[in-house]
Amino acid sequence: MKKLLPFLALILLISPLALAQCPAEGHTVVLKAPAVSKTANGDLIGVATEFVITVAPGSGHVYVETWPLAEVDMQASARLAAQVAGRVLGVDMSKYDVFIQVKADSPIIGGPSAGGTMTVGIIAALKGWKLRNDVMMTGMINPDGTIGPVGGILEKASAAHSVGAKLFLIPEGQRIQVVQKTEQKQIGPLVQITTKEEKVDVVQYAKERWGLEVKEVKDIYEAVYYFTGHKIEKPQAPENIKIDTSFLKEDAEKDYKNTTEYYKQVEKKLKESDVSYTTYSYLKAALEDANQTLKDAKDALDSGMYYTALSKDFQARIIIRHVDWYLDVQNEKDIEKLLNSVNDDIKNTENYVSNLTIRGTTMLQAVAASEERIEQAKSLLKDAWSDYYKGDYWNAVSNAAFAYERVQTAKFWAKLGERYAKGDVISRDVIRETAREYLDNARLVVTYITSMFGESLMQGLVDELNKGEQYYEDGKYSAALFSAMEARIRAEVILDTLGIDNETVLTDKLQQMKEDAKTAIAIAQSKGVYPILGMAYYEFAQSYEKQGGTENIQTAMIFYQYAKETAMMFLPKTVPKITESTITPQIIHPSNTQTPTDTQTASTTTASAVPEKNVPTSLLGGIGVLGVLFGLIIGIVLGRRL
């Protein structure tokens, strides 16, 4: 027996390696994809990579081998590609193993940019379809099957041409690229170096220089057709889609009435107080700001935008409660008592939400939103205690007021979930598994961006993602899920709008995102799910869209993406139809080819939080600013939403 133990140990040691060996059975496809590599001096160049993809009967594993090693791990992207391929074909991927070999002549910035290519390859291997060897593609794969934006389009087009590609597929909306042109001018003994930004139409440039056709594709369904000639029928949204938040009408009307009455009470309380002139001026200005927000809430209410009205009420109440509580506190003990009271409310709410029995996907989405808001309230209260210990009582009360109002929204979403509870009981393990997938995918996208543009410029995204990881480690899976979703979506909007300051171009992109969100909501409804969170975010995006301006358009983009993601989250999967065809798709010139106009010039835009009058910034709405490459700063105003 003793002699047998080392032998068994050896078998156990090598068994994972045996499992990872490429099998003799199954289908294998080979396809090329362009990538980006960094030279010794930091310049980006395009290189061609080869993907050898095998799918065979197995137990749901995805194996990836890259050589040389990629600068960004491809494992998460490969796993997502396998999931999407299975979802598109209606195949249970737990019954298959996927083997992906990536070969390149130099170290590449890998990761998400090859996600679309890997998905096409896995689908072709699953179906045994042949691939055209003169087609190449770049683009991330998103969980819903859409092709996400990537960097280095021009460099990748060059790489595609270098290996004989005739058709190069790129993500929809990325045909216009911004490049840096450096000019040197000799002025006596000095050399003047200037850098200018220039927009390049990749479709025209590639055609004129290399005879390479460049085609934008929206999703994996289009990409598969161009590679294989086979059409996969994608989910169709029902006709006559109607999206409104009338289910929140009574809540919004009641909330507006209560918030208005609260405002009047605190306004009277301030007038009757004996605070100093300076304090009175600050608090009065704050209440005036809250009053204007309430007027915005009334406008939204009258327009039938009930979620927006609730969010405006929420923003106003944070300010009103700050003023109310600040008038009450007289000493340190009062503040301690206040913070402890908020802490008790958070604990009671957390206990209530954690003990809910989740029935149906609609309730699952609402409870996930509730749990995220509880974690936000905890974080705000932690900041309040930090301010208190530093002797900053003003901000201590401000953060306490924000935490209190935030936890009230957690109660709201939980009760809304109970209102729409329907169907079988759903385990919270579903949230944990989904959160892990979203975190891995978000990490991949953020790492990809930072590898190209620098982590310091993307610190806000990195911080958001790290916060999500901490939530996950603490077992707060809903909060982790939403942090990951927000970080990834914000990152993708940055990539998709990089260098674009023309409002018309941004609006075109916005309309596409709006349509995608609308379709996602309709598909959810057709599957028996009432996507309350998705519809709420859709309406909130509309409120920013109506305001116009670059910053509001970018914010609307983010909320439309939130709407799409939350509507599709946790949905049951259906089996698609496949149209068998042996027709090789023709290479078609885009019919709407246009030359960028002179008005589409790059410029630097900024956004910052500027307090009105003398109101302390702690009383104002939050504004998030994300830095990006080439000195471009895209300001994205993320309003405080219910």
Side-chain angles (χ1 to χ4, degrees), residues 255-301 308-332 334-339 341-342 345 376-377 379-388 390-409 543 547 607-625 637-642:
D255 194 59
Y256 173 74
K257 179 181 178 181
N258 292 340
T259 306
T260 301
E261 290 177 355
Y262 185 34
Y263 166 79
K264 292 177 180 177
Q265 292 170 9
V266 176
E267 183 184 39
K268 180 181 178 182
K269 184 177 181 178
L270 175 60
K271 289 180 179 178
E272 295 174 351
S273 70
D274 58 356
V275 296
S276 67
Y277 170 78
T278 301
T279 301
Y280 177 83
S281 298
Y282 271 125
L283 299 182
K284 184 175 182 295
L287 285 181
E288 288 174 355
D289 186 66
N291 189 39
Q292 180 56 55
T293 304
L294 278 174
K295 291 179 180 178
D296 294 339
K298 184 63 167 63
D299 291 341
L301 198 61
T308 302
L310 284 164
S311 293
K312 293 295 183 182
D313 289 340
F314 167 62
Q315 295 169 25
R317 275 198 313 277
I318 296 171
I319 300 174
I320 298 167
R321 194 162 300 279
H322 184 180
V323 174
D324 183 21
W325 284 358
Y326 194 78
L327 289 171
D328 285 340
V329 296
Q330 301 296 323
N331 50 51
E332 293 181 4
D334 287 341
I335 297 179
E336 281 190 27
K337 183 178 179 181
L338 178 65
L339 298 185
S341 176
V342 175
D345 196 15
Q376 290 177 351
S379 179
L380 288 163
L381 184 60
K382 183 179 179 180
D383 291 341
W385 277 110
S386 178
D387 293 330
Y388 167 73
K390 290 186 295 186
D392 185 356
Y393 302 144
W394 175 266
N395 281 318
V397 175
S398 172
N399 280 314
F402 197 171
Y404 176 82
E405 293 299 336
R406 178 45 86 197
V407 83
Q408 306 315 305
T409 66
S543 70
Q547 297 177 49
S608 58
V610 182
E612 297 180 5
K613 303 180 181 179
N614 294 320
V615 184
T617 56
S618 60
L619 290 175
L620 299 178
I623 296 181
V625 181
V637 183
L638 294 180
R640 289 173 176 170
R641 61 195 185 278
L642 187 74

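Residue numbers start at 1 and run along the sequence shown. Small disclaimer: the values here were computed from a predicted structure and weren't measured.
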Under the 3.5 angstrom rule, does the side chain of Gln292 hit a backbone N or O of Glu288 as a donor-acceptor pair? no
How long is the span from the CG atom in Asn399 to the CG atom in Leu339, to the nearest 0.5 Å? 9.5 Å
Is the Tyr326 ring parallel, tilted or perpendicular to the Trp394 ring (thresholds 30°, 60°)? perpendicular
Looking at every non-hydrogen atom in both residues, tell me the closest pair between Leu287 and Glu267 and how far apart they are. CD1-CA, 3.8 Å
Got a donor-acceptor contact below 3.5 angstrom from the Ser386 side chain to the Lys382 backbone? no
Which class fits the ring pair Tyr404 and Trp325: parallel under 30°, tilted 30 to 60°, perpendicular over 60°? perpendicular
Tightest non-hydrogen contact, residues Ala297 and Ala309, listed as O-CB, 3.6 Å
For Val329 and Leu338 the tightest heavy-atom approach is CG1-CD2, 4.4 Å
How far does CG of Leu380 sit from CH2 of Trp385, to the nearest 0.5 angstrom? 15.0 Å
Could you give the distance from CD1 (Ile318) to CD (Glu405), rounded to the nearest 0.5 Å? 6.5 Å
For the residue pair Lys264 and Thr260, establish whether any side-chain heavy-atom pair is separated by less than 4.5 Å. yes
Would you confirm whether Asn395, through its side chain, and Ser398, through its main-chain N or O, come within 3.5 Å as a donor-acceptor pair? no
pair Tyr280-Lys271: side-chain heavy atoms closer than 4.5 Å: yes
Between CD on residue Gln315 and CZ on residue Arg641, distance to nearest 0.5 Å: 11.0 Å
Using modelled atom types and a 3.5 Å cut-off, is there a donor and acceptor pairing between side-chain atoms of Thr409 and backbone atoms of Arg406? yes
Smallest heavy-atom separation, Ala384 atom then Ala400 atom, equals CB-N, 3.8 Å
Is any side-chain heavy atom of Glu332 closer than 4.5 Å to one of Tyr393? yes
I'd like to know if Asp328 pairs up with Lys269 as an ion pair, taking the criterion as any Lys NZ or Arg NE/NH1/NH2 lying under 4.0 Å from an Asp or Glu carboxylate oxygen. yes
Indicate yes or no: at least one non-hydrogen side-chain atom of Tyr262 is less than 4.5 angstrom from one of Asp324. yes
When rounded to the nearest 0.5 angstrom, what distance separates CG in Leu327 from CG in Leu283? 5.5 Å
Atom CD of Gln376 and atom CG of Leu381: how far apart are they, to the nearest 0.5 Å? 13.5 Å
So, the side chain of Ser273 versus the backbone of Leu270: is there a donor-acceptor pair under 3.5 Å, distance only? yes
Is the side chain of Ser341 donor-acceptor paired with the backbone N or O of Lys337 at a distance under 3.5 Å, no angle test? no
Gln408 and Asp345 have their tightest heavy-atom pair at NE2-OD2, 2.9 Å
Are any side-chain N or O atoms of Asp387 and backbone N or O atoms of Asp392, one a donor and one an acceptor, separated by less than 3.5 Å? no
Any donor and acceptor pair, going by atom type alone, linking the side chain of Thr293 with main-chain N or O of Lys312 inside 3.5 Å? no
